[in-house]
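All remarks here apply to the structure that follows.
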Amino acid sequence: MSPTLVLSLVAGYFVVLIIIALLTSRGATSESFFVANRNAPWYMVAFAMIGTSLSGVTFISVPGNVYGKSWSYLAVASGFVAGYVVIGTVLMPLYYRLRLVSIYSYLEQRFGYWSYKTGALFFLISRSLGSALRLYLVAGVLQLAVFDAMGVPFAVTVVVSILFIYLYTFKGGLKTILWTDTFQTLAMLSCVALSIYFMSDALNYSFAKLVTSVKESPMSQVYFSDFRDDKFFWKQFASGMFITIVMTGLDQDLMQKNLSCRSLGEAQKNLFWFTPVIVCVNILFLTLGVLMYQYAAARGLKLTELPQLLNLKGTLDTDKVFPYLATTQFSLAAGIIFILGIIAVTYASADSALTSLTTSFCIDFLDIKQYPEARQTRLRQLTHLGWSVVLIVIILIFRILNEQSLIDAVYKAAGFTYGPLLGLFAFGIFTHRQLRDRLVLPTCVVAVSLTLLIVSHSVEWLNGYKFGFEILLLNGALVYLGLLLISRPADAAEAPANLSA
């Protein structure tokens with residue numbers, strides 16, 4: 001694929017997004033930016049959430065990761081179901097009852113000022129890191145497909161990518177994003193299905209042959225043998241459940257969409273329709289992974305010997321496999337489909353994240369609702385720009401430091417940064433105790449530090465045990481125990497403030 005063709009595709013794609021943004025942001029206010037005036041149809045929210053939940057990391061890393069971890073990710077995706085049930089039956093009724101704009105304001109009503117700020121702070125860290133990693137991926141693909149040949153530095157690619165997101169989200173916010181993400185989810189799902197079709201066709205697979213070849217491949221194995229293995233099914237299942245609870249239910253980004261529905265009933269309907277779809281989509285990505293390695297083998301490609309696919313340690317960087325095949329080995333039509341798919345899924349996630357970061361900072365730290373609408377707009381737009389710059393800086397740092405699969409990097413980072421949110425919300429919902437509010441932030445920092453120490457030495461300390469995505473469970477448990485140590489029974493006078501019921 002020529003760089004000019006890819007650049008034209010990218011430009012045309014963003015023209016469509018800008019047009020959608022112009023049409024949907026007319027008369028936009030802070031209320032429409034933050035919660036889309038609370039009148040979004042549930043089916044639009046459900047469909048838009050697919051693209052937001054998956055991101056380019058899923059599009060690239062989940063298929064690539066079957067090389068070393070087979071279908072172990074299926075256990076994580078299965079755990080999603082249990083996680084969404086908890087969100088729909090425990091968390092969403094709480095949020096709707098309190099009519100929250102920022103879900104972290106629950107912590108202020110339950111515990112106090114410092115608990116609230118601690119929760120919001122860890123969300124900002126979590127979402128900025130996660131979104132930067134996702135954007136890093138698509139910037140790398142564009143760099144490989146377009147900008148390397150043009151001599152454009154990676155830093156410029158990153159700045160331009162985030163600038164585009166800023167341009168179509170800074171005015172309309174969530175009201176615009178629900179429409180752009182609906183379009184982008186449709187584009188992404190079409191691209192996955194067509195990529196599977198193109199490779200199957202090249203391998204002369206019928207549908208039955210496709211199913212059989214994937215089922216019989218050693219790359220579709222699921223691990224039940226050794227619980228110490230980081231790929232063990234039930235560890236991965238539990239991790240998927242809690243990852244979903246924190247990265248959706250305790251995350252302003254995904255909950256901001258759910259809170260835009262007209263009522264709790266519609267929000268729950270959205271979530272319970274969304275759940276089986278997201279699991280099926282992840283199975284499609286795993287199928288795609290097996291298929292692309294079969295495709296490479298059929299073409300005689302020795303991926304582990306190609307210098308452009310190796311990381312700094314000289315081993316195969318599985319995140320590069322799908323982009324390499326799509327841009328150098330697929331037909332022109334299939335390559336175009338891939339480029340559109342990776343752009344769609346990554347920006348569906350990143351635009352929503354940028355808006356949620358802006359929302360959380362404006363509501364949780366600037367208390368923006370105390371100001372007139374004109375000043376709210378200025379503060380909101382400056383904050384939006386500020387977070388765009390922060391994402392650029394994180395991406396450039398990650399470019400220097402990263403040596404692992406992005407799906408692993410995202411979930412492991414989430415284990416450390418979302419653990420305090422899991423511990424705080426669990427303590428608030430499942431106990432009636434009050435906290436010594438000023439000690440909450442230090443307690444969370446100590447728990448994160450202890451988690452890092454344990455994970456770093458688990459092999460020698462725990463008889464060869466390797467932590468995978470369950471880092472989150474360890475961190476959340478340590479935070480919960482720490483909060484228990486700094487808690488006291490609630491006084492009768494404090495009972496009305498206890499919102500855990």
Side-chain angles (χ1 to χ4, degrees), residues 91 94-95 98 100-132 242-243 245-247 249-253 255-256 353 356-368 383 386-387 390 393-394 412-456 471-491 494 497-500:
L91 294 176
L94 176 67
Y95 299 154
L98 301 177
L100 303 180
V101 174
S102 167
I103 62 175
Y104 309 111
S105 55
Y106 160 74
L107 296 173
E108 182 174 37
Q109 298 178 54
R110 177 66 175 85
F111 296 126
Y113 177 85
W114 289 106
S115 299
Y116 169 38
K117 299 303 180 185
T118 298
L121 175 64
F122 274 98
F123 162 72
L124 294 177
I125 295 171
S126 303
R127 181 47 66 179
S128 57
L129 285 174
S131 300
F242 283 94
I243 283 168
I245 291 171
V246 297
M247 295 186 73
L250 305 182
D251 185 285
Q252 180 65 29
D253 187 358
M255 281 298 98
Q256 191 167 350
S356 67
L357 288 167
T358 300
T359 298
S360 179
F361 194 81
C362 287
I363 299 295
D364 299 327
F365 290 95
L366 299 182
D367 195 15
I368 196 173
T383 302
W387 279 111
V390 169
V393 172
I394 296 174
K412 286 182 178 178
F416 291 105
T417 57
Y418 280 96
L421 288 173
L422 178 60
L424 275 165
F425 274 84
F427 198 86
I429 292 171
F430 297 117
T431 78
H432 292 275
R433 298 177 69 86
Q434 285 297 315
L435 296 174
R436 291 173 175 82
D437 193 39
R438 288 185 175 275
L439 297 179
V440 168
L441 179 57
T443 299
C444 291
V445 172
V446 169
V448 172
S449 302
L450 284 174
T451 302
L452 179 59
L453 182 65
I454 294 170
V455 170
S456 301
I471 291 171
L472 172 67
L473 307 183
L474 172 64
N475 195 5
L478 290 174
V479 171
Y480 190 96
L481 290 174
L483 296 177
L484 193 60
L485 292 175
I486 63 168
S487 69
R488 56 182 172 78
D491 298 332
E494 295 173 313
N498 191 325
L499 303 170
S500 60

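All of these numbers come straight from a predicted model, not from anything done at the bench.
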Query raised in the report: Between Y418 and F242, is there a donor-acceptor pair closer than 3.5 Å when you use the side chain of the first and the backbone of the second?
Result: no

Requested in this report: Pick out which of I243, V246, V479 makes a side chain to side chain contact (heavy atoms under 4.5 Å, CB included) with L422.
Outcome: V246

Report summary line: For L129 and I394, the nearest pair of non-hydrogen atoms, with its separation, is CD2-CG2, 4.0 Å

Query raised in the report: Can you tell me how far CG of L483 sits from CG of L478, rounded to the nearest 0.5 angstrom?
Result: 11.0 Å

Requested in this report: Give the intermediate values and the outcome of side-chain contact (heavy atoms from CB on, under 4.5 Å) for residues N475 and V455.
Outcome: CA-CA 10 Å; N475 195 5; V455 170; over 6 Å; no

Query - Criterion side-chain contact (heavy atoms from CB on, under 4.5 Å) on F123 and I103, from CA distance to verdict - result: CA-CA 10 Å; F123 162 72; I103 62 175; over 6 Å; no

Query raised in the report: Minimum heavy-atom separation for G249 to Y95, with atom names?
Result: O-OH, 2.7 Å

**Report entry** Separation between OH of Y104 and CG of L250, rounded to the nearest 0.5 Å
**Finding:** 7.0 Å

Query raised in the report: Ignoring hydrogens and geometry, is there a side-chain-to-backbone donor-acceptor pair from R436 to S487 under 3.5 Å?
Result: yes

Query raised in the report: At what distance, to the nearest 0.5 angstrom, does CG of L424 lie from CZ of F111?
Result: 6.5 Å

Query raised in the report: Any side-chain heavy atom of L441 within less than 4.5 Å of one from W114?
Result: no

Query raised in the report: Do the ring planes of F425 and Y106 sit parallel (below 30°), tilted (30 to 60°) or perpendicular (above 60°)?
Result: parallel

Query - Nearest atoms (heavy-atom pairs only) where S102 meets Q252 - result: CA-OE1, 3.3 Å

Query raised in the report: Under 3.5 Å, is there a donor-acceptor pair between the side chain of D251 and the main chain of R127?
Result: no

Query raised in the report: Which pair of non-hydrogen atoms, one from S115 and one from L435, has the smallest distance, and what is that distance?
Result: OG-CD1, 4.2 Å

Query raised in the report: Roughly how far apart are T359 OG1 and I368 CD1, rounded to 0.5 Å?
Result: 9.0 Å

Query raised in the report: With no hydrogens and no angle check, is any side-chain donor or acceptor of T443 less than 3.5 Å from a backbone partner on G482?
Result: no

Requested in this report: Apply side-chain contact (heavy atoms from CB on, under 4.5 Å) to the pair V393 and V390, showing each step before the final yes or no.
Outcome: CA-CA 5 Å; V393 172; V390 169; 5.9 Å; no

Requested in this report: Identify the heavy atoms of R110 and T431 that sit nearest to each other, and give their distance.
Outcome: NH2-O, 2.7 Å

**Report entry** OG1-CD1 distance between T358 and I363, expressed to the nearest 0.5 angstrom
**Finding:** 11.0 Å

Query raised in the report: Can you name the closest pair of heavy atoms from G423 and Y480 and give their distance?
Result: O-CD1, 4.0 Å

**Report entry** Interatomic spacing from CG in L100 to CG in L94 - rounded to 0.5 Å
**Finding:** 6.5 Å

